Amino acid sequence: MESADQVHRVALIPGDGIGPEVTAAVRRVFEAAAAPVAWEEHAAGLAALRAGGELLSEETIDAIRRAKVALKGPCTTPVGEGFTSINVQLRKRLNLYAAVRPVRNLDGVRARFEGVDLVIVRENTEGLYSGVENQVTDGVVMSMKVATEAACTRISRWAFRFATRRRRRRITVFHKANIMKMTDGLLLRCARRVHDEEYPNIEYQELIIDAGCMKLVQDPTQFDVLLLENLYGDVVSDLCAGLVGGLGVVPGANIGDELAVFEAVHGSAPDIAGQGVANPLALLMSGVMMLNHLAETRGDPRCRQAADRIKAAYNGALAAGQTTRDLGGSLGTEAFADAVIERLA
Ligand code: NAD
């Protein structure tokens, strides 16, 4: 338990594109809600490179290790060539093996479906994101999909423990083990074993990913917790965001045994960067997840109170139709943050 005047140090990485705009908005809301955190800002991504540093410096990595918790804006990774994704590097180096993305309808946000309440658990450290790509001969390249028993078991155990603690009913694994018999087959074997031996309390289901995606877009309300390897989890996260109103409403966390980095599912949105129109809600919701994580791991009820107040305030703003452009409204980034701040009880 923390004393009343103690604050939790949190590493803050504004990132690229819309990152600095949305992190500034979240910071203002946190300050207005008197959330007991002290930000320690560190650069990463193109912003860090342009400032003469490295994409992902040891200093930034060390700052996250020290604080144990970070809030991160999106970082740009150029398509096709250049450096390894900073997000992939960060998740691997800090061993943030579980990406968790709750996907729910919000009152006041028009969506294709009602009653969606699912959680994506994505393996964050291997699969095709191992970054092992080779030129075999002229005109032939290869990408290596890696799966290890240790990582498949670890993510399965994490997902079942999460489902149990959150009183979830069922875990569905999306896979392509009919084709990738060894790699996806290994995840299935590990998930089945963890289910059978440790968590028979949770229903367990397997679906080939193509059929799973069809079912998702027909009726996402049939799903509860989805467990996916890295690439499938990445793709299905955006798909699911589209079911409940878009990338502006889906938060996320990258969690390891010691550390946790909270970030929205969306990227740096270069098409709207610098215009003051980006929706800060997904990062704000990620910040609320972070406060709840601090409440649980540090035993500090003030974090839960701040999280509840912020959540009630953004729910109130959305229900009153105060939304940004991506959600059909007309508010800019700062005006949405102001609307939330005005509703803080
Ligand atoms: P994106 O998520 O940045 O954008 C997709 C679309 O959604 C764009 O039209 C964008 O304007 C819109 N959008 C995204 N976030 C929004 C917000 N908060 N408010 C309003 N509209 C929003 O995906 P992209 O364009 O494919 O990727 C851009 C860059 O982001 C790439 O370099 C990619 O590698 C990177 N990226 C980073 C992360 C991360 O840091 N975690 C995640 C995904 C993509």
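Note that the coordinates shown come from a computational prediction; the quantities given were computed from them, not determined experimentally. Ligands are counted one by one from 1 in listed order, and the atoms in each one are counted from 1 as well. Because only heavy atoms are used, hydrogens play no part in the values below, and waters and symmetry mates are left out as well, while side chains stay in.
Heavy atoms from both the backbone and the side chain of Thr76 come within less than 4.0 Å of ligand 1. Here Asp326 has side-chain heavy atoms under 4.0 Å from ligand 1, and that is the only part of it that gets that close. Counting heavy atoms closer than 4.0 Å to ligand 1, residue Ser85 contributes nothing at all. With a 4.0 Å cut-off on non-hydrogen atoms, Thr77 touches ligand 1 through its backbone as well as its side chain.
When each atom of ligand 1 is checked for a heavy atom of Leu247 under 4.0 Å away, the hits are 2 (O), 5 (C), 7 (O). Listed by atom number, the atoms of ligand 1 under 4.0 Å from Arg91 heavy atoms are 41 (N). Using a 4.0 Å cut-off to heavy atoms of Ala278, the atoms of ligand 1 that qualify are 19 (N). If you number the atoms of ligand 1 from 1 as listed, the ones under 4.0 Å from a heavy atom of Val265 come out as 42 (C), 43 (C). For ligand 1 and Pro270, the ligand atoms under 4.0 Å from any heavy atom of the residue are 28 (C). Contact atoms of ligand 1 toward Asn87: 37 (C), 38 (C), 39 (C), 40 (O), 41 (N) (distance under 4.0 Å to a heavy atom of the residue).
No side-chain donor-acceptor contact under 3.5 Å links Tyr199 and Glu197. For Asn124 and Tyr129, the side-chain atoms include no donor-acceptor pair closer than 3.5 Å.
Taking CD1 of Ile120 as the reference point, atom CZ of Phe174 lies at 8.5 Å (rounded to 0.5 Å). Distance check, rounded to the nearest 0.5 Å: SG of Cys75 to CD of Glu263 gives 7.5 Å.
Counting protein heavy atoms only, atom 22 (C) of ligand 1 is closest to Ile272 CD1, 4.0 Å. Closest to atom 10 (C) of ligand 1, if we only count protein heavy atoms, is Asp271 OD1, 3.4 Å.
Relative to atom 13 (N) of ligand 1, the option among Gly45, Ala99, Pro280, Ala269 with the closest non-hydrogen atom is Ala269. Of the listed options Asn279, Thr333, Val22, Asn279 places a heavy atom closest to atom 18 (N) of ligand 1. Taking each of Ala264, Ser268, Cys75 in turn, the one with a heavy atom nearest to atom 37 (C) of ligand 1 proves to be Cys75. Distances from atom 43 (C) of ligand 1 to the heavy atoms of Gly267, Gly242, Gly248 put Gly267 nearest. If you check each of His266, Gln275, Arg325, Glu263 against atom 42 (C) of ligand 1, the one with the closest non-hydrogen atom is His266.
In summary, Glu229 and Lys176 do not engage in a salt bridge, as defined by a charged side-chain N under 4.0 Å from a carboxylate O.
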- Message: Apply salt bridge (Lys or Arg N to Asp or Glu O under 4.0 Å) to residues Asp234 and Arg101 and explain how you reach the verdict.
- Response: CA-CA 10 Å; Asp234 194 357; Arg101 282 105 185 244; 5.0 Å; no
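No donor-acceptor pair under 3.5 Å is formed between the side chain of Ser156 and the backbone N or O of Val194.
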